[in-house]
Amino acid sequence: MIGMLAVSRAGHDSNKTYVIIGEDGEYVYLADGRTRTVEKPKKKNRKHIQIIKKIQIDKSEEGFKDLEIKRVIKMYQEEANVKS
């Protein structure tokens with residue numbers, strides 16, 4: 001699941017788009033590059049997210065980068081608005 005776009009379906013952040021940057025049992029770690037950075041990801045139960053699609057994101061030796069995550073989310077949102 002790592003490297004996929006997901007939307008939160010429960011909680012105060014519902015309908016917010018994230019990138020899955022980690023997994024741990026029944027939990028996933030989400031980042032949006034702005035409020036939830038790679039250094040401080042959101043821990044969320046798997047059943048409270050909806051996978052959108054697998055994305056191509058460059059993961060460097062250090063891991064994911066906030067700037068790249070922001071770019072990918074913005075591109076997805078622009079693409080979704082064009083299709084609507």
Side-chain angles (χ1 to χ4, degrees):
M1 291 176 75
I2 295 175
M4 294 184 139
L5 277 175
V7 172
S8 174
R9 287 291 169 211
H12 70 278
D13 64 340
S14 62
N15 294 325
K16 188 159 170 69
T17 306
Y18 293 102
V19 173
I20 300 172
I21 62 168
E23 301 178 81
D24 182 26
E26 65 183 73
Y27 294 99
V28 292
Y29 295 92
L30 308 169
D32 67 0
R34 294 179 192 272
T35 57
R36 288 298 178 168
T37 60
V38 173
E39 289 80 32
K40 190 171 164 97
K42 172 115 180 120
K43 181 179 177 182
K44 199 150 184 84
N45 195 311
R46 288 178 190 261
K47 60 185 170 184
H48 294 157
I49 62 167
Q50 170 83 41
I51 300 294
I52 300 173
K53 69 182 211 177
K54 184 161 177 68
I55 56 169
Q56 190 67 22
I57 188 166
D58 295 330
K59 183 178 176 185
S60 66
E61 305 86 40
E62 300 91 36
F64 292 101
K65 299 218 185 270
D66 290 323
L67 190 61
E68 183 69 14
I69 290 172
K70 284 193 287 191
R71 185 186 66 78
V72 166
I73 291 173
K74 184 177 179 182
M75 285 176 43
Y76 169 76
Q77 290 172 339
E78 288 174 353
E79 179 183 309
N81 286 338
V82 170
K83 289 182 179 178
S84 297

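The first residue in the sequence is number 1, and the count goes up from there. Just so it is clear, the values below take in all heavy atoms, side chains as well, and ignore hydrogens, waters and symmetry mates.
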- Message: Is there a side chain to side chain contact (heavy atoms under 4.5 Å, CB included) between T35 and K42? Walk through the geometry before answering.
- Response: CA-CA 10 Å; T35 57; K42 172 115 180 120; over 6 Å; no

- Message: Which residue is it: K70, R71, K65? I am looking for the one with a salt bridge (charged side-chain N to carboxylate O under 4.0 Å, His left out) to E68.
- Response: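 For E68, the salt bridge (charged side-chain N to carboxylate O under 4.0 Å, His left out) test succeeds with only one of K70, R71, K65, which is R71.
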
- Message: Once side chain to side chain contact (heavy atoms under 4.5 Å, CB included) is applied, do any residues pair with K74, and if so which ones, sequence neighbours excluded?
- Response: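 Per chain and number, K74 pairs via side chain to side chain contact (heavy atoms under 4.5 Å, CB included) with E78.
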
- side chain to side chain contact (heavy atoms under 4.5 Å, CB included) partners for N45, two or more places apart: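 Counting only residues at least two positions away or on another chain, N45 forms a side chain to side chain contact (heavy atoms under 4.5 Å, CB included) with E26, Y27, K47, H48.
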
What closest approach, in Å, do [X] and [Y] show between heavy atoms, and which atom pair accounts for it?
X: A31; Y: V38; result: CB-N, 4.4 Å
X: L5; Y: V19; result: CD2-CG2, 3.8 Å
X: I69; Y: G33; result: CG2-N, 3.8 Å

- Using salt bridge (Lys or Arg N to Asp or Glu O under 4.0 Å) as the criterion, list what pairs up with K40, not counting sequence neighbours.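 Partners of K40 under the salt bridge (Lys or Arg N to Asp or Glu O under 4.0 Å) test: none.
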
- Query: Which pairs, with at least one residue in residues 7-25 and sequence neighbours excluded, count as a salt bridge (charged side-chain N to carboxylate O under 4.0 Å, His left out)?
  - Reply: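 As it turns out, the salt bridge (charged side-chain N to carboxylate O under 4.0 Å, His left out) pairs with a partner in residues 7-25, which skip direct neighbours, are D13-K44, K16-D32, E23-R46.
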
- Message: Quick check for you: to the nearest 0.5 Å, what is the distance between T17 atom OG1 and Y76 atom OH?
- Response: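 It is 6.5 Å, given to the nearest 0.5 Å.
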
- Query: Which other residues end up in the same hydrophobic cluster as V28, if Ile, Leu, Val, Met, Phe, Trp and Tyr are linked when side-chain heavy atoms come under 4.5 Å apart?
  - Reply: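 Listed partners: M1, M4, Y18, I20, L30, I49, I51.
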
